[in-house]
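Just so it is clear, the model here is predicted, and its values are computed rather than measured. Because only heavy atoms are used, hydrogens play no part in the values below, and waters and symmetry mates are left out as well, while side chains stay in. Numbers for residues simply follow the sequence, beginning at 1.
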Amino acid sequence: GLDPTKCGLFTPTTPNPPGASCGDNHIGRFDIATETFHEFNAPHPHTGTIAPDGRVWYTEAMRNETSPALAVIDPNTNAISYYKYEGHGGSHTPTIDKAGNVWMSGRAVWRFDVETKQFSTFTFPVPDKFPEYSIGAWEQIPGEPDRTPTAGTYQISFDSKGMLWASSGSMGLIVRIDPKTGATKEYFPPHTLRLRGMYVDEHDNVWFAPYYEHKLGKLDPNTGTFK
């Protein structure tokens, strides 16, 4: 587990900062030529992705105000750089757009501009109540105040037109975000309690994995129909 004392020291202000080993967690690299591992200290890494320039970006899932949301490893120097976003509450899955910028899922959708080192937040409309069939509605306890949905996201993926698609777990929905305008469109797969895994194929079909239903689904964005 995470050591609260060590983690409290962790800031992204310096390379390899104090507290980077607060959870004894690591990012590993396996050299297939020598069959050896190299490990990098990481407080609470979640998911990584490799940019076209070879750098390895990974999200940090620590949920405190001293922790960063994003880190990058330079494979040439093994140096790690950390980038903090106030109030991120733990980032989840990263992906890289055609310009090389890093997008992340989590409590919202964030874009990190690799040139300016600035974060941008993208949100989408959230209904007042959980959809009837969603896990959020099923977990509602009768007689207690209605639980409020949040715009959390799990998996993100780009289509060929540069649109970003995201799954939102407890509401069982898929959302499309236009990175240029911020415009959004929501899709609610039928009879889907919770959504996690999602991927856009080369034909721009959106494939998704309902978490409890033991099946795969496909959204045709041209017709808005599900299969």
My understanding is that only residues two or more places apart in sequence, or in another chain, count here; which of them pass salt bridge (charged side-chain N to carboxylate O under 4.0 Å, His left out) with Arg29?
none
Sequence-distant partners of Arg111, salt bridge (charged side-chain N to carboxylate O under 4.0 Å, His left out), two or more places apart
none
Which residues pass the ring pair (Phe, Tyr, Trp, His ring centres under 6.0 Å) test with [X], not counting sequence neighbours?
| X | answer |
| --- | --- |
| His46 | His92 |
| His191 | Tyr133 |
| Phe119 | Tyr85, Phe112 |

Would you name the heavy atoms of [X] and [Y] that are closest together and state the gap between them?
| X | Y | value |
| --- | --- | --- |
| Arg196 | Ser167 | O-OG, 2.7 Å |
| Tyr82 | Ala71 | CD2-CB, 3.7 Å |
| Leu216 | Ala209 | CD2-CB, 4.2 Å |
| Gly172 | Pro189 | O-CD, 3.2 Å |
| Pro75 | Gly54 | CG-O, 3.3 Å |
| Val102 | Trp57 | CG2-CD2, 3.6 Å |

Nearest 0.5 Å please: distance from the [atom1] atom of [X] over to the [atom2] atom of [Y].
| X | Y | atom1 | atom2 | answer |
| --- | --- | --- | --- | --- |
| Phe124 | Leu173 | CZ | CG | 5.5 Å |
| Thr121 | Trp110 | OG1 | CH2 | 7.5 Å |
| Ile27 | Ile80 | CD1 | CD1 | 8.0 Å |
| Ile177 | Thr184 | CD1 | OG1 | 7.0 Å |
| Thr153 | Gln155 | OG1 | CD | 9.5 Å |
| Thr95 | Ile156 | OG1 | CD1 | 5.5 Å |

Can a donor-acceptor pair be found, under 3.5 Å and without considering hydrogens, that links the side chain of [X] to the backbone of [Y]?
| X | Y | answer |
| --- | --- | --- |
| Ser91 | Ala69 | yes |
| Ser168 | Gly152 | yes |
| Thr93 | Tyr154 | yes |
| Thr59 | Leu70 | no |

Phe37: what forms a side chain to side chain contact (heavy atoms under 4.5 Å, CB included) with it, not counting sequence neighbours?
Phe30
Side chain to side chain contact (heavy atoms under 4.5 Å, CB included) partners of Gln118, counting only residues at least two apart
Thr116
If you link I, L, V, M, F, W and Y whenever their side-chain heavy atoms are under 4.5 Å apart, who else ends up in the same group as Trp165?
Met163, Ile174, Tyr187, Leu195, Met198, Val200, Val206, Phe208, Leu219, Phe226
So Pro179 and Trp103, do their side chains get closer than 4.5 Å, heavy atoms only?
yes
Quick check: do Val114 and Tyr83 have side-chain heavy atoms less than 4.5 Å from each other?
no
Sequence neighbours excluded - salt bridge (Lys or Arg N to Asp or Glu O under 4.0 Å) pairs with any residue from [range]:
| range | answer |
| --- | --- |
| residues 212-226 | none |
| residues 156-173 | Lys161-Asp204 |
| residues 169-193 | none |
| residues 47-57 | Asp53-Arg55 |

